[in-house]
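In what follows, a single structure is set out as structure tokens and then discussed.
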Amino acid sequence: MSENKITLGKTLRDARIAKGFTLDDLQQTTKIQKRYLIAIEDQNFDELPGDFYVRAFIKQYADMVDLDGAELLKQFDSALPSTQTQEYVDKVNENNPETRSQQRKVDDRYVKLRRTIPVIGIVIVVLVVLVGIWVAASHNGSSTKKDNVDSSSVSVSGSSNKSSSSSKSSSTSSKSSSKKTKTPSFKQLSTTTSGSTWEMKNASSKPKVALSASTSAWVSVSVAGATTWQGTLSSSTSHTMTIPSSATSVTFKFGNAPATKIRVDGKTFDFTSATATSSATSSSSSDTTTTTTSSSSTTTSQVQTVTLEFK
């Protein structure tokens with residue numbers, strides 16, 4: 001085993017001990033299984049699920065113990081699995097929102113085309129029928145022609161009236177729909193000692209998330225079980241990201257939850273005070289003091305995991 005590998009494992013282990021974290025603490029915060037954390041400290045990278053996860057887990061581990069994960073990976077690059085393997089490239093592309101977004105745009109164009117073709121076909125059929133009526137009427141005698149013209153006028157007028165009525169109905173429906181646009185709202189579904197689960201109603205198709213903090217705070221954002229962004233915020237920095245339209249939920253992991261602020265589609269997501277209020281309201285009068293104290297402990301806990309589901 002090389003000296004670089006020993007130094008990498010020892011650096012992470014020493015930083016964890018200095019922060020006062022146990023392996024169980026890291027497992028709860030990062031959601032990385034304890035056996036993988038032990039494998040990282042012992043340099044047994046073959047025990048991790050794949051080349052991609054070696055670097056991803058090491059960076060997450062380092063950031064959690066206040067080390068520069070990117071710099072650490074660069075320093076010990078030669079001791080880590082190659083980033084050029086097909087497994088690593090495929091995993092990065094799978095977790096890249098831009099790649100998925102481009103594919104969705106192509107799919108959307110095909111869907112629009114399939115919807116447009118039947119409409120064009122109907123318009124052509126109607127035009128052919130109208131032209132046929134006009135040609136037949138022009139070849140008849142004067143009296144018959146006059147009758148046919150009257151009949152055609154009535155038919156066209158009736159069709160025009162129906163079209164006008166349909167257009168007005170569509171316009172009214174459109175206005176009614178725009179008036180019924182609802183404001184996004186948040187509702188707590190459940191809470192635990194380590195975090196909570198929420199529901200967001202009336203979210204946009206691609207929710208925009210803005211993260212900020214009043215002081216130094218580490219944050220990790222995961223979509224569909226994969227980490228899409230993580231880093232440390234401060235009072236002078238913030239981070240904005242767009243959640244893919246295919247996502248049904250997003251999970252936030254906070255290292256300093258009370259100092260972290262979230263806005264989704266421009267609306268503040270107050271995941272701390274709402275939890276305390278919800279818990280305090282649901283308790284009976286005899287247990288008010290105990291429940292409120294427990295809820296306050298949950299919402300002011302620095303390390304929290306919050307899941308937001310889109311409805």
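Remember, predicted model here, so these are calculated numbers, not experimental data.
- Contact check for Phe310 versus Ile243: side-chain heavy atoms found under the 4.5 Å cut-off.
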Q: Go through the steps for Lys34 and Asp24 under the test side-chain contact (heavy atoms from CB on, under 4.5 Å), then give the verdict.
A: CA-CA 7 Å; Lys34 184 177 178 179; Asp24 290 329; 3.4 Å; yes
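- For the atom pair OG1 of Thr11 and CG of Leu67, the computed distance is 7.5 Å after rounding to the nearest 0.5 Å.
- Proximity of Asp63 to Thr232: side-chain heavy atoms (C-beta onward) are nowhere separated by under 4.5 Å.
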Q) Given Tyr61 and Thr30, is the side-chain contact (heavy atoms from CB on, under 4.5 Å) satisfied, shown in steps? A) CA-CA 7 Å; Tyr61 186 132; Thr30 64; over 6 Å; no
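- Between Asp265 and Pro207, the shortest heavy-atom distance links the atoms OD1-CA, 3.3 Å.
- Atom-to-atom distance recorded for Ile38:CD1 and Arg13:CZ is 10.0 Å, nearest 0.5 angstrom.
- In this structure, Asn44 contributes its side chain and Asp46 its backbone to no donor-acceptor pair below 3.5 Å.
- Proximity of Pro49 to Phe57: side-chain heavy atoms (C-beta onward) are separated by under 4.5 Å at one or more points.
- Taken from CZ in Arg16 to CG in Leu23, the straight-line distance is 4.0 Å, to the nearest 0.5 Å.
- Between Leu12 and Leu72 the shortest side-chain heavy-atom distance falls below 4.5 Å.
- Residues Leu73 and Lys59 come closest through the heavy atom pair CD1-CB, 3.9 Å.
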Q | Lys267 vs Met200, side-chain contact (heavy atoms from CB on, under 4.5 Å): CA-CA, chis, key distance, verdict | A | CA-CA 11 Å; Lys267 186 173 180 62; Met200 180 179 183; 5.5 Å; no
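- Exactly one residue among Val126, Ile122, Ile120 makes a side chain to side chain contact (heavy atoms under 4.5 Å, CB included) with Ile124. That residue is Ile120.
- Of all the heavy atoms in Gln304 and Gly195, the pair that sits closest is OE1-CA, 4.1 Å.
- Across all their heavy atoms, Lys19 and Val65 have their closest contact at CG-O, 3.9 Å.
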**Q.** Check against side-chain contact (heavy atoms from CB on, under 4.5 Å), Val264 and Phe186
**A.** CA-CA 10 Å; Val264 183; Phe186 302 97; 4.1 Å; yes
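- For the side chain to side chain contact (heavy atoms under 4.5 Å, CB included) test, residues two or more places apart in sequence or in another chain that qualify with Thr215 are Asn256, Ala259.
- Remark: side-chain polar atoms of Thr192 are paired, donor with acceptor, to backbone N or O of Ser194 under 3.5 angstrom.
- Inter-residue side-chain proximity for Leu26 and Gln60 is flagged as unmet; no heavy-atom pair is nearer than 4.5 Å.
- No side-chain heavy atom of Thr260 sits under 4.5 Å from any side-chain heavy atom of Thr272.
- For Ser235 against Ser214, the heavy-atom pair with the smallest separation is CB-O, 3.5 Å.
- Pairing each heavy atom of Glu47 with each of Tyr36, the nearest pair is O-CE2, 3.3 Å.
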